[in-house]
Amino acid sequence: MAASRIISHPHRPFPPPPSETHAHSSINLNFALHPPKRCRFACVLRASLKENHLNDKGAADLFALPRPLTSTQLSDSVSDGPRLQVAYQGVPGAYSESAAQKAYPNCEAVPCPQFENAFQKVERWLVDRAVLPIENSLGGSIHRNYDLLLRHRLHIVGEVKYAVHHCLMANHGVQLEDLKRVLSHPQALAQCEHTLTKWGLVREAVDDTAGAAQYIAMHEVKDAGAVASSAAAKIYGLNILAQDIQDDCDNVTRFLMLAREPIIPGTDRPFKTSIVFSLEEGPGILFKALAVFALRQINLSKIESRPLRNSPLRMADDNSNGSPKYFDYLFYVDFEASMADPTAQNALRHLNEFATFLRVLGSYPMDTSTV
Ligand SMILES: O=C(O)C(=O)C[C@]1(C(=O)O)C=C[C@@H](O)C=C1
């Protein structure tokens, strides 16, 4: 199957010829590199529009005004203009709020109950940007945001790493020995797994860390504490019982900065590009996809696979006795190159020859800081 697919692309032998030129026209960064090749992708996109109460026309109107951002517009609001409004998930005191302020230092951070609301607020021009977590060094990927990146048509315009220091907090007068339960975001609970087990506390998951702090303060809970930031303890008037309770002192969350418009990719500093694609079934096909980068010395910094939802069941090829195929995947890849770099453009053009779907989610400056 895989072999026949390679042969079916006689114009692009594998590996590519060493004489690959840089003379191709630039790839359209705006959305998909080409219209989805298979009906199931149209289904995914239609389902996502439906989910957001948009029809194709409405969606077209929303995205009809792409004005690329320059990378100088990335990190700050216009000094004499209104403050940039940046949506984040959670309530004041959430780590996401601090990440939004790190990404856009003078911004007005706008709380949203769910990740989805942050995407929608940007799409509906209610705010200028969203800053959302995508992975944590201890807990791994935040899958929901990978799925939402595909369902919505925002562009990744930057990334910011934020060091997460968790505290255990409770109402004044409550001691560690009084606690039976602890409330927090599931990622935060997972990041403190060993310490919470040692203390014998029952974990209760809530939408965000600061929301947990707000809840126990508002309800004057005496048998439960919250895992949240020191900022949340201050805002909600709680007493910090223990600091830095995460299982590893290097606890870093990477957040993405999202906007309606892409930025114009540059080569003046290290850039990263995020893409999502899917492939036909077959031995070696993922190897072949990743090789388009390896052959050009392009470093991959992240790969994530997610189920391709809403796809109608398709029959597998003849080798699997015609049994239905349940597991189709989308692959999210971050690679360390700018879309302004012809080598990166060639790699994507090559991938596009056999990917069944390919979309550039953004090409943006890497956060090279140590946190
Ligand atoms: O609950 C918060 O405070 C958040 O900002 C969310 C979140 C996450 O989604 O991972 C962000 C950073 C920490 O890793 C824990 C929780």
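Both counts, for ligands and for their atoms, begin at 1 and track the order of listing.
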With the criterion set at N/O pairs under 3.5 Å, what does the list of contacts between the protein and ligand 1 look like, atom names and distances included?
from: ligand 1; atom 1: 1 (O); to: Thr209; atom 2: N; distance (Å): 2.8
from: ligand 1; atom 1: 1 (O); to: Thr209; atom 2: OG1; distance (Å): 3.3
from: ligand 1; atom 1: 3 (O); to: Tyr95; atom 2: N; distance (Å): 2.9
from: ligand 1; atom 1: 3 (O); to: Thr209; atom 2: OG1; distance (Å): 2.5
from: ligand 1; atom 1: 5 (O); to: Tyr95; atom 2: N; distance (Å): 3.4
from: ligand 1; atom 1: 5 (O); to: Ser96; atom 2: N; distance (Å): 2.9
from: ligand 1; atom 1: 5 (O); to: Ser96; atom 2: OG; distance (Å): 2.6
from: ligand 1; atom 1: 9 (O); to: His185; atom 2: NE2; distance (Å): 3.3
from: ligand 1; atom 1: 14 (O); to: Gln191; atom 2: NE2; distance (Å): 3.0
from: ligand 1; atom 1: 14 (O); to: Thr253; atom 2: OG1; distance (Å): 2.9

Identify each donor-acceptor pair in which a side-chain atom of residues 160-171 lies under 3.5 Å from a protein atom, sequence neighbours left out, and give them as a table.
from: Lys161; atom 1: NZ; to: Asp367; atom 2: O; distance (Å): 3.2
from: Lys161; atom 1: NZ; to: Ser369; atom 2: O; distance (Å): 3.2
from: His165; atom 1: ND1; to: Asp244; atom 2: OD1; distance (Å): 2.7
from: His166; atom 1: ND1; to: Tyr95; atom 2: OH; distance (Å): 2.9
from: His166; atom 1: NE2; to: Gln191; atom 2: OE1; distance (Å): 2.6
from: Asn171; atom 1: ND2; to: Ile216; atom 2: O; distance (Å): 2.9
from: Asn171; atom 1: ND2; to: Val221; atom 2: O; distance (Å): 2.8

* Is Lys302 salt-bridged to Glu304, cutoff N-O under 4.0 Å? -> yes
* Asked: Which pairs pass side-chain hydrogen bond (donor to acceptor under 3.5 Å, both in side chains) with one or both residues in residues 172-186, sequence neighbours excluded?
  -> Arg181-Glu204, Arg181-Asp223
* **Qualifying salt bridge (Lys or Arg N to Asp or Glu O under 4.0 Å) pairs, either residue in residues 209-219, two or more places apart** => none
* Asked: How far does CG of Leu154 sit from CZ of Arg260, to the nearest 0.5 angstrom?
  -> 8.5 Å
* Return the minimal non-hydrogen interatomic distance between Gly140 and Gln187, and the atom names on each side. => O-NE2, 3.8 Å
